[in-house]
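Owing to the predicted nature of the structure, the values given are computational and were not obtained by experimental measurement.
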Amino acid sequence: MGDRPADRARVVRDRLLLYAVAAVVTVVVLAPLAAPGYVLRYDMVFVPRQPLTWDLVAPAQGLPRAVPMDAVVSVLTQLVPGWVVQRIALGGAVLLAAVGAGLLVPTERTGVRLLAAVGYAWTPYLAERLLIGQWGLLVCYAALPWLVRAVLELRAGRAGAVARVLLTAAPAALTPTGGLIAFGVVSLLAPQRGRLRGPAVAMAGVALLNAPWVTAALATDAGGTSDPAGVAVFAARGENWAGPLAALAGTGGIWSAQATPASRALPLVPLVTLVLLTLAGAGFGLLRRRMSPDVSVRLLVLAGTGFLLAALGAVPGSADVLRWAVAQLPGAGLLRDGQKFLAPYALLLVVCVALGTERLVNRVERTNREVAGVVLGGVLLLPVAAMPDLAFGGAGRLWPVSYPADWQAVAGRLSADPGGEVLVLPLSSYRAYSWNAGRTVLDPAPRYLPATVLTDDTLRVGDVVVTGENTRLREIRPLLGAGRPATETGVRWVLVQHNRADQVDPATLTGLELVHRGAFLALYRNPGVPPSPVVVSPVRWAVVVALAVAVAVVVAAMFRRYASGLPRGNLRSEVETLEN
């Protein structure tokens, strides 16, 4: 190993440099979050103190798309304000994504690690999921390289590796998609001949981490099928002249044009993708030699599977199959927005590009070291140059705002007189508020208000209407559409949001008592409906049990990791990991 103190000093120096570069990238990407307030954009909704309600822990009327993420956020915001949780989640995701990718690359060259770090934190995948507000998926994206490293340690038979696998898989399992990706990683990479116990325990543990959302899906009244019209809406989208498959090859292609950086439409972007794919092809051979052929092939299969899932809705034949599956098979709706599953492909692409660049730099160094340095720096900055508008919060798209006082007033009124459902009008799941600079965001009411909040989950994208799954709204929507008053819906409260108040028929409010009117919100009470407690069914308690089991898995993994005698800061362990 050579001079061990010198090796340890090198590891510390390289590690500090890697973290420093990752921190710089994080600051550049999330600079607007230095301002006070909450970033509210599409699916990203944080509130000052999210109540721990049954509808967030175990949704009874809708699909568990945010289970157990909402429960975790509710618990955390009892301890610290929501704006703190948001900054930790987003900052931690970008920072740890960069560091994790840098550490995963099997190389001794610090510059190559930095290239992977910058590349993984500056992918179109990260940019598009950030701009659409799916921060839970970004947490999975950040956890992915750490999870792969933990599985490699498991394959090497290192002490405490199973615990590390579970601890790195736990953040990914905050959302159903992330949980499936984590389970796929462990199931595909961990098994090996002659070692059954460790991989089996790891797979079982990750399956238990997925138990909360699986149990909630079985418990909901919404059923498991979805509107097949969503397949076309959520299909991967071409971002320039090269089409959707080329966009996916560059880790982009999200269905929403509003969540796509403008630079992705530039005509040179496909050529940049071609350069990266060429470098990745050259780097895969190096990966096979340094990470073993078996592991590298499994990573390729994992990445290929993610790419195929991402492309399902964009290819005519497979799109037809997906439409049938979404309409007939419970849970197949998870595959509608298939581009979410592109994360393993993005990771392998970045790692192989880094190794391909190393091969290129090694060749150039034989004749000119200065030119080799320029080549390495050029490839390192290529992702930034190709997509500069990820900087500063997507060119200013992520800007914090403050909630108007109306929100806290309504929440306090409902806390003082609890019981009963709150119907939010006009019927819509996404809203554009003037106090949020007109940016579209998922209605904050279900996460801000301490009550059972009914918001219409019908999604309108252009001229296409994707029917929601909420069974209660299926009863209410026809009544209001027929001009009947809200008093006949059986809800106790009606919340009118003034951003679209002109779309609320005055007849709808007939017979309701006004209890609060502010500049942005008006709260009405239905005098004919008394307070009613939330009915806690046995199936909801089953979700709580599943959550408790998942927490127990994490706690046991933490204890096991500590008891293994290999804490994260152990330098000898880190040196050996880098060498292997």
Side-chain angles (χ1 to χ4, degrees), residues 16-48 73 76 80-102 114-143 251-252 254 256-266 269 346 350 377 380-403 432-433 435-442:
L16 290 176
L17 180 59
L18 179 58
Y19 271 95
V21 170
V24 170
V25 172
T26 302
V27 170
V28 171
V29 172
L30 300 177
L33 272 73
Y38 298 82
V39 175
L40 305 175
R41 182 176 175 84
Y42 290 103
D43 293 346
M44 183 153 47
V45 178
F46 284 84
V47 300
V73 173
L76 292 177
V80 296
W83 66 267
V84 175
V85 177
Q86 183 178 46
R87 280 153 180 76
I88 291 175
L90 295 180
V94 178
L95 177 72
L96 294 178
V99 174
L114 297 181
L115 188 156
V118 174
Y120 194 61
W122 210 281
T123 57
Y125 184 94
L126 182 144
E128 293 172 358
R129 291 299 158 181
L130 178 63
L131 293 178
I132 206 169
Q134 293 178 349
W135 66 271
L137 197 59
L138 291 182
V139 172
C140 167
Y141 182 79
T251 79
I254 196 171
S256 174
Q258 286 70 39
T260 304
S263 58
R264 292 293 294 168
L266 295 176
V269 166
V350 167
L380 186 148
L381 295 176
L382 182 60
V384 180
M387 192 174 58
D389 45 349
L390 171 58
F392 202 74
R397 294 200 228 182
L398 304 177
W399 195 266
V401 298
S402 297
Y403 282 96
Y433 298 108
W435 51 267
N436 192 34
R439 290 184 286 264
T440 301
V441 64
L442 187 66

Return the [atom1] to [atom2] distance between [X] and [Y], rounded to the nearest 0.5 Å.
{"X": "Y42", "Y": "R439", "atom1": "OH", "atom2": "CZ", "answer": "11.0 Å"}
{"X": "L33", "Y": "L398", "atom1": "CG", "atom2": "CG", "answer": "7.0 Å"}
{"X": "L76", "Y": "Q86", "atom1": "CG", "atom2": "CD", "answer": "13.0 Å"}
{"X": "Y120", "Y": "L126", "atom1": "OH", "atom2": "CG", "answer": "8.5 Å"}
{"X": "D43", "Y": "L442", "atom1": "CG", "atom2": "CG", "answer": "6.0 Å"}

For the student: nearest non-hydrogen atoms of [X] and [Y], plus distance:
{"X": "A121", "Y": "V25", "answer": "CB-CG1, 3.8 Å"}
{"X": "T26", "Y": "G91", "answer": "CG2-O, 3.7 Å"}
{"X": "A98", "Y": "A22", "answer": "CB-CB, 3.6 Å"}
{"X": "P261", "Y": "M387", "answer": "CG-SD, 3.9 Å"}
{"X": "A116", "Y": "V350", "answer": "O-CG1, 3.3 Å"}
{"X": "A93", "Y": "L138", "answer": "CB-O, 3.9 Å"}

Without swapping roles, check the side chain of [X] against the backbone of [Y] for a donor-acceptor pair under 3.5 Å.
{"X": "R397", "Y": "L390", "value": "no"}
{"X": "R87", "Y": "W83", "value": "yes"}
{"X": "N436", "Y": "V441", "value": "no"}
{"X": "D389", "Y": "G394", "value": "no"}
{"X": "W122", "Y": "A386", "value": "no"}
{"X": "Q134", "Y": "M44", "value": "no"}
{"X": "R41", "Y": "L131", "value": "yes"}

Is there side-chain contact between [X] and [Y], with heavy atoms separated by less than 4.5 Å?
{"X": "S263", "Y": "P388", "value": "yes"}
{"X": "V29", "Y": "L130", "value": "yes"}
{"X": "R129", "Y": "I254", "value": "yes"}
{"X": "V85", "Y": "W135", "value": "no"}

Decide yes or no on side chain to side chain contact (heavy atoms under 4.5 Å, CB included) for T440 and Q258, but give the supporting numbers first.
CA-CA 10 Å; T440 301; Q258 286 70 39; over 6 Å; no
Donor + acceptor pair across side chains of T123, Y141 (<3.5 Å)
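A donor-acceptor contact under 3.5 Å links the two side chains.
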Out of Y403, F46, W399, W435, which residue meets the ring-ring contact (aromatic ring centres under 6.0 Å, His included) rule with Y38?
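Running ring-ring contact (aromatic ring centres under 6.0 Å, His included) over Y403, F46, W399, W435 with Y38 returns exactly one hit, Y403.
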